[in-house]
Amino acid sequence: MDLRQMLPILGVLAMITLPPDRCAGPPVEQGATDQYTQARARMVREQIASRDVTDPRVLEAIGRVPRHLFVPQDEVRYAYEDRPLPIGYGQTISQPYIVALMTQLARPAPTDRALEVGTGSGYQAAVLAPLVRRLFTIELEEPLARQAEERLRTLGYANVTVRHGDGYAGWPEEAPFDVILVTAAPEEVPPALVAQLAPGGRMVIPVGPVMEAQDLLRVEKGRDGAIRTEEIIPVRFVPLRHRER
Ligand code: SAH
């Protein structure tokens, strides 16, 4: 048998022995062909690109994040399905399409500073992080904040800072932000978040009563400071909690 005949066999062996995408940081397991890579490619094609997410940077970013590493063990088999999943503490990881849509609506740029309110599993942070310079993300449930921080660190996301705290007040020490993504729904847009938006900044936020009649909004601050708000689509998010003053 000459070398040319052996090469395809070696190729098959290499595929079998490649570890599943457990180890490396972003860009995660580029080129590996395990079951999750295929499920993820299908997710991007059938649930996201087929709807109205067309920004190639967003499609590439979401196509690289191993969503199965952001869900609890007993949800792993559903990780690439078209729906939110429970992550404990009464919270959820958003539907992949909504994560992609919110990312696209925010028009992230490589020089941007970004804030996420509601870290949850860290999945939205992992999708947004490669598209901006720095990402600050804040989570009210301490165990979720700790788990997400650990997970993002293990996966190698070096430009993300996770903090445990109440994101209703934003993160004044790191403001202003070019991008703000809020992944839990308040009844009104929190004034502190509008204040922490940089001139030219974009905030994407679900707003409305608990689990009903919420709208996804994009709030933009003009270079002159003028605020413009657009309603995008009806959505369902867990509530953004905050202490009454
Ligand atoms: N972005 C997450 C989805 C999170 S679900 C992901 O990709 O997995 C919304 C999260 O917002 C929950 O984890 C909830 O605990 C958190 N949350 C609710 N109110 C909050 C607040 N005031 N400040 C920070 N986080 C809050």
Side-chain angles (χ1 to χ4, degrees), residues 15-30 32-51 53 59 61-103 116-130 135 137-157 160 162-164 167 181-185 206 210-212 214 235-241:
M15 265 160 59
I16 293 168
T17 52
L18 271 179
D21 49 10
R22 211 174 331 111
C23 38
V28 185
E29 35 57 82
Q30 213 176 1
T33 51
D34 58 89
Q35 52 166 328
Y36 296 119
T37 308
Q38 288 174 24
R40 188 153 63 247
R42 195 175 329 115
M43 171 191 91
V44 172
R45 212 172 43 242
E46 293 176 6
Q47 304 169 26
I48 299 174
S50 64
R51 292 185 175 130
V53 178
L59 293 173
I62 198 158
R64 284 190 180 193
V65 180
R67 195 169 189 262
H68 60 283
L69 301 183
F70 289 78
V71 301
Q73 205 55 49
D74 51 352
E75 303 289 342
V76 165
R77 77 194 108 143
Y78 309 119
Y80 295 100
E81 291 189 3
D82 192 16
R83 56 184 169 108
L85 293 170
I87 55 171
Y89 307 92
Q91 306 305 324
T92 55
I93 176 173
S94 308
Q95 180 191 6
Y97 164 67
I98 293 291
V99 172
L101 178 66
M102 290 179 71
T103 309
E116 180 194 22
V117 177
T119 316
S121 68
Y123 179 69
Q124 170 73 74
V127 173
L128 180 60
L135 171 58
T137 178
I138 184 164
E139 168 58 51
L140 192 60
E141 290 286 349
E142 191 167 11
L144 287 178
R146 257 191 273 112
Q147 284 166 30
E149 181 175 35
E150 167 72 24
R151 181 178 283 139
L152 291 165
R153 181 153 34 84
T154 307
L155 291 170
Y157 290 89
V160 182
V162 182
R163 166 162 151 180
H164 162 233
L181 292 188
V182 184
T183 64
V210 177
M211 289 301 195
E212 54 179 281
Q214 299 168 1
V235 284
R236 247 175 196 231
F237 277 79
V238 296
L240 184 79
R241 287 160 291 149

Atom of [X], atom of [Y] and distance for their closest heavy-atom approach:
X	Y	answer
G63	V44	CA-CG2, 3.7 Å
P206	A184	CG-O, 3.7 Å
G122	L152	O-CD2, 3.7 Å
R151	S121	NH1-O, 2.8 Å

Find out whether F237 and S94 are in side-chain contact, i.e. whether some heavy atom of one side chain is under 4.5 Å from a heavy atom of the other. yes

Check: Y157 and V162 side chains under 4.5 Å, non-hydrogen atoms: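 Counting from C-beta outward, V162 and Y157 never come under 4.5 Å.
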
Output, in order, the C-alpha distance, side-chain angles, deciding distance and verdict of side-chain contact (heavy atoms from CB on, under 4.5 Å) for R241 and E141. CA-CA 10 Å; R241 287 160 291 149; E141 290 286 349; 3.3 Å; yes

When rounded to the nearest 0.5 angstrom, what is the spacing between [atom1] in [X] and [atom2] in [Y]?
X	Y	atom1	atom2	result
Q73	H68	CD	NE2	10.0 Å
I93	I98	CD1	CD1	13.0 Å
Q95	M102	CD	CE	12.0 Å
R51	E46	CZ	CD	10.5 Å
R45	R40	CZ	CZ	13.0 Å
E150	L155	CD	CG	10.0 Å

Salt bridge check: are R146 and E149 linked by an N-O gap of less than 4.0 Å?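 A salt bridge is absent here (no side-chain N lies under 4.0 Å from a carboxylate O).
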
Does the [X] side chain pair with the main chain of [Y], one donor and one acceptor, at a distance under 3.5 Å?
X	Y	result
R163	I138	no
T183	G118	yes
Q47	P96	no

Between Y123 and I62, is the side-chain contact (heavy atoms from CB on, under 4.5 Å) condition met? List the steps. CA-CA 9 Å; Y123 179 69; I62 198 158; 3.3 Å; yes

Qualifying residue for side chain to side chain contact (heavy atoms under 4.5 Å, CB included) with R67, from V76, V127, L85: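 Among V76, V127, L85, the one meeting side chain to side chain contact (heavy atoms under 4.5 Å, CB included) with R67 is L85.
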
Can T119 and L144 be said to form a side-chain contact (heavy atoms from CB on, under 4.5 Å), step by step? CA-CA 8 Å; T119 316; L144 287 178; over 6 Å; no

Is it the case that T103 and Q124 place a side-chain donor and acceptor less than 3.5 Å from each other? yes

Can the positive tip of R42 be found less than 6.0 Å from the middle of the six-membered ring of Y80, inside 45° of the ring normal?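 Verdict for Y80: no cation-pi partner in R42.
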
Checking side-chain contact (heavy atoms from CB on, under 4.5 Å) for the pair V238/Y89: CA distance, chi angles, key distance, verdict? CA-CA 11 Å; V238 296; Y89 307 92; over 6 Å; no

